[in-house]
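None of these values were measured; they are calculated from a predicted model.
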Amino acid sequence: MTSQGQPKYQRIADALRMAIQSGEYGPGDRLPGENDLMATYEVARMTARQALGVLQNEGLAEARKGAGVFVRAFKPLRRRGIQRLAHEQWGSGRSIWSTDTEDRELVVDQIEVREEGANNRISDALGIASGAQVWTRSRRFVLDGKPVLFATSYLPSDVVADSAITQVDTGPGGTYARLAELGHGPVHFREEIRSRMPSADEAERLALAVGTPVVQIVRTAFAEDGRVVEVNEMTLDSASYVLEYDFDA
């Protein structure tokens with residue numbers, strides 16, 4: 001412990017964090033290794049390792065096997081929560097993701113589309129009978145080679161049956177554009193947001209560093225008649241995102 005009662009590894013982590021924030025170490029730069037920290041701060045190897053682990057858990061650094069620990073070069077994804085859902089976005093055939101990603105490389109993988117009976121949680125959210133059929137769309141989003149989000153959408157079968165929504169590729173404008181063509185275009189959205197620690201499966205799917213929380217967003221889409229036409233459960237890597245909401249007073 002230090003004289004102020006702060007653990008030595010935390011003091012080292014604080015110093016490294018300040019060096020990163022000041023630009024002394026930039027994206028992609030290698031941080032001092034365990035041996036360097038042991039010599040500079042006169043600490044044990046475990047203390048040096050803990051200090052580097054703090055930065056990795058915060059998402060500021062990443063370990064590369066056999067090479068060391070480096071300042072994370074990944075640019076946070078700015079999720080514009082209001083603009084991305086505007087009708088002029090998906091209504092004109094653009095993906096709602098294009099608002100967030102700009103010119104960065106986005107890959108959608110682990111796509112699964114299936115029809116199944118809704119459990120109580122989903123049936124309550126959709127306002128349908130328990131066990132009623134829904135179409136489920138699951139997919140993962142990988143930005144610049146890094147998994148950042150996976151999402152599962154649930155849509156009532158009586159609304160989307162035999163439409164492109166039941167296919168892997170929903171076409172220009174995605175699900176919301178197809179719902180509009182079916183006469184059930186969303187006119188109102190509600191998003192509920194919470195932060196929590198990930199399950200083991202979530203940590204693996206998003207390639208999360210140990211100790212990294214996730215942000216869970218549940219979006220409900222309402223048609224003009226008030227019917228819920230989609231519930232989308234999204235799990236985000238918290239270290240990869242800035243959530244932005246821009247609106248008038």
Any idea which heavy atoms bring [X] and [Y] closest together, and the distance?
X	Y	value
Ser123	Ser130	OG-CA, 3.6 Å
Ala151	Phe141	CB-CE1, 4.4 Å
Ala13	Ala51	CB-O, 3.7 Å
Val43	Leu37	CG2-O, 3.9 Å
Val113	Arg137	CG2-NH1, 3.7 Å
Gly26	Asp29	N-OD2, 2.7 Å

Common cluster, [X]/[Y], ILVMFWY with side-chain heavy-atom separation under 4.5 Å:
X	Y	value
Leu206	Val215	no
Ile111	Val160	yes
Phe189	Leu236	yes
Val71	Val69	yes
Phe222	Ile193	no

What distance do [X] atom [atom1] and [Y] atom [atom2] have between them, rounded to the nearest 0.5 Å?
X	Y	atom1	atom2	answer
Thr152	Glu233	OG1	CD	7.0 Å
Phe150	Asp237	CZ	CG	11.0 Å
Arg194	Gln216	CZ	CD	5.5 Å
Ile217	Arg79	CD1	CZ	3.5 Å
Glu191	Tyr245	CD	OH	4.5 Å
Asp124	Asn119	CG	CG	9.0 Å

Can you give the donor-acceptor pairs under 3.5 Å from side chains of residues 223-231 to other protein atoms, not counting sequence neighbours?
| unit_1 | atom_1 | unit_2 | atom_2 | d |
| --- | --- | --- | --- | --- |
| Asp225 | OD1 | Arg227 | N | 3.0 |
| Arg227 | NH1 | Asp158 | OD2 | 3.2 |
| Arg227 | NH2 | Asp158 | OD1 | 2.9 |
| Arg227 | NH2 | Asp158 | OD2 | 3.2 |
| Glu230 | OE1 | Tyr176 | OH | 2.5 |
| Glu230 | OE2 | Ser153 | OG | 2.8 |

Is any side-chain heavy atom of Thr212 closer than 4.5 Å to a side-chain heavy atom of Ser238? yes
Would you say the side chain of Leu155 lies within less than 4.5 Å of the side chain of Ile165, judging by non-hydrogen atoms? yes
Residues forming a side-chain contact (heavy atoms from CB on, under 4.5 Å) with [X], sequence neighbours excluded:
X	answer
Glu62	Arg64, Arg72
Ala207	Pro147
Arg114	Glu112, Glu116, Thr136, Ser138
Asn35	Met38, Arg45

Check which hydrophobic residues are tied to Tyr9 through side-chain heavy-atom contacts below 4.5 Å, counting indirect links as well, and list them. Val54
Taking only residues two or more places apart in sequence, or in another chain, which ones meet [X] in a salt bridge (Lys or Arg N to Asp or Glu O under 4.0 Å)?
X	answer
Asp169	none
Glu244	Arg78, Arg80
Glu204	none
Arg30	none

Excluding sequence neighbours, so at least two apart, what forms side-chain hydrogen bond (donor to acceptor under 3.5 Å, both in side chains) with Ser157? Glu115
Apply side-chain contact (heavy atoms from CB on, under 4.5 Å) to residues Tyr41 and Thr47 and explain how you reach the verdict. CA-CA 10 Å; Tyr41 292 95; Thr47 300; over 6 Å; no
Taking distance alone, no hydrogens or angles, what donor-acceptor pairs closer than 3.5 Å link side-chain atoms of residues 15-25 to residues at least two apart or in another chain?
| unit_1 | atom_1 | unit_2 | atom_2 | d |
| --- | --- | --- | --- | --- |
| Arg17 | NE | Glu58 | OE1 | 3.0 |
| Arg17 | NH1 | Asp14 | OD1 | 2.8 |
| Arg17 | NH2 | Glu58 | OE1 | 3.4 |
| Arg17 | NH2 | Glu58 | OE2 | 2.8 |
| Ser22 | OG | Met18 | O | 3.2 |
| Ser22 | OG | Ala19 | O | 3.1 |

Decide, yes or no, whether a salt bridge links Arg205 with Glu202 under the criterion of side-chain N to carboxylate O below 4.0 Å. no
With a 6.0 Å cut-off (strictly less than), is the heavy-atom count around CE of Met197, excluding the residue itself, greater than 12? yes
